[in-house]
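Working notes, beginning with the structure itself.
Here is the naming used below: chain letters follow the sequence lines, and residue numbers restart at 1 for every chain.
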Amino acid sequence: MNNYTNLGSKDTRSGFGEALLELGKENENIVALCADLVGSLKMGDFAKAFPDRFFEVGIAEANMIGLAAGMTIGGKIPFTGTFANFSTARVYDQIRQSVAYSKKNVKICASHAGVTLGEDGATHQSLEDMGMMKMLPFMTVINPCDFNQTKAATKAIAVHEGPVYLRFGRPKVPNFTSPDQEFVIGKAVMLHEGSDVSIFATGHLVWKALEAIQILAEEGIKAELINFHTIKPLDNEAVLASVKKTGCVVSAEEHMRNGGLGDSIAQLLALHHPAPMEMVAVDDKFGESGTPEELLSRYGLDTPDVVAAVRAVLARKVHSG
Amino acid sequence: MLSTTDLSKISSQVRRDIIRMVHGASSGHPGGSLGAADFLVALYFACMKPDPNKFSIDGTGEDIFFLSNGHISPAWYSVLARYGYFKPGELATFRKLDTRLQGHPSILDETPGVRMASGSLGQGLSVALGAAISKKLNGDPKTVYCLMGDGELQEGQNWEALMYGAAKGVDNIIATVDYNQKQIDGPVEKVLSLGNLRAKLESFGWLVLEMNGNDMAEILDQLAVAKQQLNQGIPVIIIMHTKMGFGVDFMLDNHEWHGVPPNDEQAEKALEQLEETMGDY
């Protein structure tokens with residue numbers, strides 16, 4: 001049932017770090033800025049290889065965003081690195097005015113997103129970042145699912161003209177997508193075709209959804225699973241085509257329900273193809289300390305939660321059908 | 001080379017433009033615009049002298065300017081127009097629907113001369129430092145200029161940027177603080193004092209100059225001094241003493257004219273004090 005094999009668990013942030021180093025070798029306009037989290041962001045190899053193009057800005061994220069915006073003037077392609085919370089909430093107005101409204105080619109790269117940051121607790125666990133970023137005009141928002149995809153996404157945003165928010169995480173998670181994948185911004189990836197229910201997942205929840213469809217298959221439920229690595233622009237065609245076939249939807253993400261992938265999908269469906277929908281997401285809560293796995297379970301973001309959401313939406317589909 | 005008299009004549013026209021723009025839009029910020037007019041005229045017409053016919057966002061091979069205190073856009077737009085970036089007639093569209101001359105500067109309509117949105121305060125110095133670093137990386141020997149308000153220095157991001165510029169030795173930038181000591185709610189001293197600004201800037205590691213920003217000869221002198229300090233590992237900042245509302249007696253040094261347009265009678269009275277030297281738009 002699950003045609004995807006874990007090639008060996010790795011953290012998504014290391015995919016970012018590897019790609020950044022390769023980009024540095026390929027294009028001398030690539031520059032990188034970091035706010036005192038070089039090790040956490042895996043930017044050390046780039047910093048070592050290209051000291052003239054690496055800028056340690058200290059614990060001063062607002063200035064980092066402004067510097068990055070300024071560096072685009074003259075043709076540099078800046079990649080900023082810090083945790084998701086400090087990449088977004090801390091500097092929202094700087095991004096809004098100096099990056100988005102000014103249409104600057106800045107790549108805001110954010111690690112340690114979501115509850116899987118773990119033990120540091122709620123101050124560091126950003127669950128609102130994608131929502132904030134997707135509300136900004138001109139901003140592209142990407143949330144890849146594993147090491148290989150994060151690496152491919154990092155390469156893809158370097159050649160995309162315009163502001164991008166790239167979100168990845170801290171823990172080691174199954175690495176199952178192809179190392180040679182073509183990453184197309186805004187194009188969702190079909191992982192498993194099915195006819196009973198559409199599961200639209202992003203980030204770390206994609207693997208959880210893969211586990212879920214195996215369990216569901218044993219019950220005879222044919223679930224379709226699509227990986228929405230791009231939150232904005234949303235692949236509207238992929239959503240509508242799948243839901244027209246299956247008639248019901250479950251979204252799954254490590255993010256607040258407000259402002260997340262499910263929120264975007266619900267808007268689209270409400271306007272164009274209303275269908276029963278359940279959302280696997282955090283329901284208006286802050287996180288807390290714990291291990292990543294404990295927290296995924298505590299906040300309803302684990303494999304059994306995806307399974308339960310599918311059962312719930314199928315029941316509603318029967319009633320409404 | 002324009003004489004100080006020539007430059008002052010341009011300033012007079014710029015001040016007329018400012019009054020007519022904010023009056024025409026029934027909104028905008030005349031006070032700071034009038035105070036900074038002389039500096040912006042000197043900067044474009046005598047100091048940077050960029051080619052207005054070859055504007056690009058990258059500004060390669062040219063001195064470039066960032067306005068951090070975007071609310072004095074009337075002064076900037078007028079100088080850009082009078083310098084040749086666009087026809088002065090466009091100034092009549094200021095703050096009106098479909099204009100390229102937004103209340104605060106925007107790049108979305110590709111306004112010639114504008115490289116960055118500003119208005120939300122405190123962001124310009126970081127951007128200017130980034131652009132200066134970009135010039136260094138590109139081997140471009142030209143200079144980056146940035147104008148900030150003094151009230152604006154209450155925003156913390158400025159101090160992150162000041163710390164960064166000195167710590168990393170960004171030495172192809174000349175920043176200027178429009179030190180008119182007024183902000184919307186009153187004197188800066190009362191709203192939130194900057195204390196000893198010169199000492200603060202020096203302790204942050206910047207080379208600090210001071211000048212009277214309403215004296216054309218002194219502006220030219222000090223900009224020349226500032227340029228001589230470039231490329232020595234230390235960023236340069238000028239505390240520019242100006243009077244809000246300079247050129248119009250009833251607006252002079254009065255914070256109440258920060259963001260209020262004159263009515264018909266006041267506009268007429270103001271224009272009587274400002275010589276029309278280049279033809280009104």
Side-chain angles (χ1 to χ4, degrees), chain A residues 24 27-36 50-80 82 86 90-108 136-139 161-163, chain B residues 55-62 64-66 68 70 102 104-111 114-140 142 144 146 148 155-168 170 172-173:
Chain A
N27 184 347
E28 64 174 21
N29 278 327
I30 301 286
V31 297
L33 303 89
C34 186
D36 197 34
F50 309 105
D52 295 344
R53 287 192 266 143
F54 177 76
F55 302 89
E56 171 60 84
V57 304
I59 309 164
E61 294 83 4
N63 186 46
M64 176 169 74
I65 295 298
L67 288 171
M71 286 181 193
T72 66
I73 294 166
K76 300 302 156 200
I77 306 170
F79 283 65
T80 66
T82 181
F86 315 135
R90 175 110 204 157
V91 290
Y92 197 56
D93 189 42
Q94 283 76 17
I95 294 174
R96 181 176 182 273
Q97 175 171 285
S98 294
V99 178
Y101 184 49
S102 293
K103 278 185 130 170
K104 293 295 177 251
N105 194 23
V106 176
K107 315 304 173 187
I108 299 160
L136 293 172
F138 307 126
M139 185 64 74
E161 179 72 29
Chain B
F55 174 74
S56 71
I57 292 284
D58 285 340
T60 306
E62 285 193 329
I64 61 177
F65 170 73
F66 294 97
S68 187
Q102 293 288 306
H104 294 83
S106 162
I107 65 136
L108 293 192
D109 299 306
E110 300 180 2
T111 312
V114 180
R115 296 187 166 84
M116 177 66 62
S118 61
S120 177
L121 295 170
Q123 301 187 27
L125 185 59
S126 299
V127 171
L129 285 165
I133 292 165
S134 183
K135 277 204 182 295
K136 287 257 177 184
L137 290 171
N138 288 334
D140 181 342
K142 293 293 183 171
V144 175
C146 177
M148 300 170 281
E155 293 281 5
Q157 184 181 346
N158 287 303
W159 301 94
E160 295 183 6
L162 287 163
M163 207 183 307
Y164 187 91
K168 309 288 178 170
V170 183
N172 55 340
I173 184 168

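Note that NZ of A/K103 is 7.5 Å distant from CD of B/E110, once rounded to the nearest 0.5 Å. Distance check: B/L108 CG to A/F138 CZ gives 4.5 Å after rounding to the nearest 0.5 Å. Atom CD of B/Q157 is separated from atom CD of A/E61 by 11.0 Å, given to the nearest 0.5 angstrom. For the atom pair CG of B/L137 and CE of A/M71, the computed distance is 7.0 Å after rounding to the nearest 0.5 Å. Between atom CG of residue A/N105 and atom CD1 of residue B/I57 there is a gap of 12.5 Å, rounded to the nearest 0.5 Å.
Applying the side chain to side chain contact (heavy atoms under 4.5 Å, CB included) criterion to B/A117, with sequence neighbours excluded, gives A/Q97, A/Y101, A/S102. Looking at residues two or more places apart in sequence or on another chain, you find a side chain to side chain contact (heavy atoms under 4.5 Å, CB included) between B/D58 and B/S56, B/T60.
Options A/E28, A/K76, A/R96 differ in how many heavy-atom pairs under 4.5 Å they form with chain B, and the most are formed by A/K76.
Proximity to chain B (any heavy atom under 4.5 Å) is restricted, for A/V31, to the side chain, taken from C-beta onward. For B/L125, no part lies near chain A; criterion is any non-hydrogen pair under 4.5 Å. With a threshold of 4.5 angstrom between heavy atoms, B/A161 approaches chain A through its backbone and through its side chain. The parts of A/E56 that come within reach of chain B are both its backbone and its side chain, each placing non-hydrogen atoms under 4.5 angstrom from that chain.
Counting heavy atoms from C-beta on, the side chains of A/V57 and B/K168 never come closer than 4.5 Å. Side-chain contact between B/I107 and A/K104: present, with at least one pair of heavy atoms (C-beta onward) separated by less than 4.5 Å.
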Step by step, would you call B/M116 with A/I73 a side-chain contact (heavy atoms from CB on, under 4.5 Å)? CA-CA 9 Å; B/M116 177 66 62; A/I73 294 166; 4.1 Å; yes

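In this structure, A/D93 contributes its side chain and B/S120 its backbone to no donor-acceptor pair below 3.5 Å.
Atom CZ of A/R53 is surrounded by more than 12 heavy atoms from other residues, nucleotides or ligands within 6.0 Å.
For the residue pair B/S134 and A/G74, the shortest heavy atom distance occurs at OG-CA, 3.6 Å.
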